[in-house]
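Written out below as structure tokens is the structure these notes cover.
As the structure lists them, so they are numbered: ligands from 1, and atoms in each ligand from 1. Quick caveat, the model's predicted, so the values are computed rather than measured.
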Amino acid sequence: MQDRAPQPAILSFEDARHVVEDHAARFAPPEAQTVDLLAAAGRVLAEPVAADRHIPPFPRSTRDGYAVRASDLAHPPATLDVIGEIRAGEKIDNIPAHIAAGQAVAIMTGAPVPAGADAVVMLEYSQESGARVELSRSVAPGENIVPAGAEARSGSILIMRGTRLNDAALALAASAGQSQLKVYRRPRVAVLTTGDEIVEVSAQPGPTEIRNSNSYSLAVQIQEAGGEPVLLPIAPDESKGLCHLIEKGLTHDLLLMTGGVSMGRYDLVEQVLQELKAEFFFTGAKIQPGRPVVFGRCGSVASGRDTYFFGLPGNPVSTMVTFELFARPMLEALAGTSPRKLAFVYARLKSEIRIKTGLTRFLPATLSGEFEHSFVELVAWQGSGDIAATARANCYIVIPPDRERIPAGEFVPILPR
Ligand code: AMP
Ligand code: MG
């Protein structure tokens with residue numbers, strides 16, 4: 001057999017992940033474009049958004065009730081003079097300039113608290129009769145009032161560059177008057193599936209042929225991570241045709257290949273990349289599924305620059321898992337997102353797991369139950385080719401390489417999917 005990668009390195013899961021993160025941290029941000037506020041959902045912010053005024057802009061009442069001086073209610077009940085009413089959006093001229101001792105003003109949620117008042121008593125503790133109100137409870141100074149600028153000062157940064165814009169970020173941008181936002185261009189990610197047995201979805205497969213499904217799982221994952229997938233034609237298990245398509249893939253912002261990275265005689269991806277003088281950062285990770293995953297960088301003659309690539313194993317679940325673990329952080333960085341560490345969440349295991357040690361495993365599982373009584377269990381599967389089992393799963397249970405047996409009831413790390 002020919003030489004495989006020049007510096008074959010099979011890393012632990014954590015080391016492999018850190019290698020990717022180190023490279024991902026080096027990217028210069030992509031170009032920016034301006035889009036309408038709603039079109040910015042899910043995109044990455046290219047320019048910080050600052051508060052154009054205090055939030056809230058005035059001391060805001062958080063309750064319907066009476067604005068008072070807290071000291072007037074030191075010994076409840078107390079009866080105060082009602083000198084007016086303030087609604088949300090009340091014209092500034094209609095708001096009493098000052099509340100004096102012994103006075104109160106009826107106030108609504110979201111209305112500005114007038115000067116002199118330092119607390120709001122809830123309507124529930126009041127009894128109004130004529131121009132007077134009896135209040136049955138004391139209040140602490142500041143109670144039920146958010147001071148002007150307490151949530152954000154005018155001019156302060158509300159949303160940092162590199163933030164993926166979710167519901168709260170969009171609401172914050174709206175509250176700062178941004179009807180348009182500057183976001184980064186989406187990186188274009190080439191998807192190259194390899195294998196003589198693989199045929200297009202629209203084709204009628206022969207008895208030994210398999211329809212291409214990996215390009216579609218990857219396209220979805222790429223879009224979710226903020227990229228734009230570009231599906232290349234299926235590459236044959238033959239050097240020349242494969243090389244041509246790899247070169248084409250290298251003209252994109254990132255190249256994802258699936259299949260052809262295992263030990264078989266027709267697994268030619270690494271060999272072709274080696275001929276193209278690629279650098280390899282790792283050629284395997286001690287994980288299951290996805291052990292033969294490859295990460296590297298290769299110069300493109302056509303584009304005149306270096307492009308990162310991943311060779312993802314062809315088994316469909318391996319492809320999905322290795323994208324999630326390694327390609328996603330790279331793509332997020334290319335998209336301009338501030339890098340973040342991979343954090344697992346924990347769930348209680350329903351049934352015991354027994355497994356061989358040596359690999360970090362990411363096994364398809366279902367998280368179910370209700371409220372605080374949730375639990376997780378492995379789905380029955382036929383191994384890393386079983387897309388049907390994975391489609392029934394909503395997470396992966398993460399099993400560390402040193403665990404042979406995990407008893408039911410233990411909290412185990414999971415990776416949502
Ligand atoms: P490989 O990594 O090329 O050895 O492929 C491993 C397994 O994944 C084989 O059973 C392939 O037929 C299958 N496979 C490879 N690529 C795809 C694909 N694009 N869609 C579905 N199955 C695939
Ligand atoms: Mg193959």
Distance to 0.1 Å, residue and atom name: give those for the protein heavy atom nearest to [atom].
| atom | result |
| --- | --- |
| atom 3 (O) of ligand 1 | G260 N, 2.9 Å |
| atom 15 (C) of ligand 1 | G314 O, 3.4 Å |
| atom 16 (N) of ligand 1 | N214 ND2, 3.4 Å |
| atom 4 (O) of ligand 1 | D267 OD1, 3.9 Å |
| atom 21 (C) of ligand 1 | S213 OG, 3.3 Å |

More than 12 heavy atoms of other groups within 6.0 Å of R297 CZ:
yes

Sub-3.5 Å N/O-N/O distance, N315 and ligand 1
yes

Would you say I210 has any N or O atom under 3.5 Å from an N or O of ligand 1, going by distance alone?
no

Atoms in ligand 1 flagged as close to R211, the criterion being non-hydrogen separation under 4.0 Å
20 (N), 21 (C)

For this output row, return yes or no: ring centroids of F326 and F281 closer than 6.0 angstrom.
no

Assess the pair Y125 and Y66: is the distance between their ring centroids shorter than 6.0 Å?
no

Where the closest heavy atom to atom 22 (N) of ligand 1 is concerned, which of G259, P316, S215, S318 has it?
P316

Hey, are the side chains of [X] and [Y] touching, using non-hydrogen atoms and a 4.5 Å cut-off?
| X | Y | value |
| --- | --- | --- |
| L367 | V376 | yes |
| E151 | R60 | yes |
| I55 | L158 | yes |
| Y396 | M320 | yes |

So which of E324, R417, R328 actually passes side-chain hydrogen bond (donor to acceptor under 3.5 Å, both in side chains) with Q221?
E324

Region of [X] that comes within reach of ligand 1 [heavy atoms, distance under 4.0 Å]:
| X | result |
| --- | --- |
| E197 | side chain |
| T193 | side chain |
| I198 | side chain |

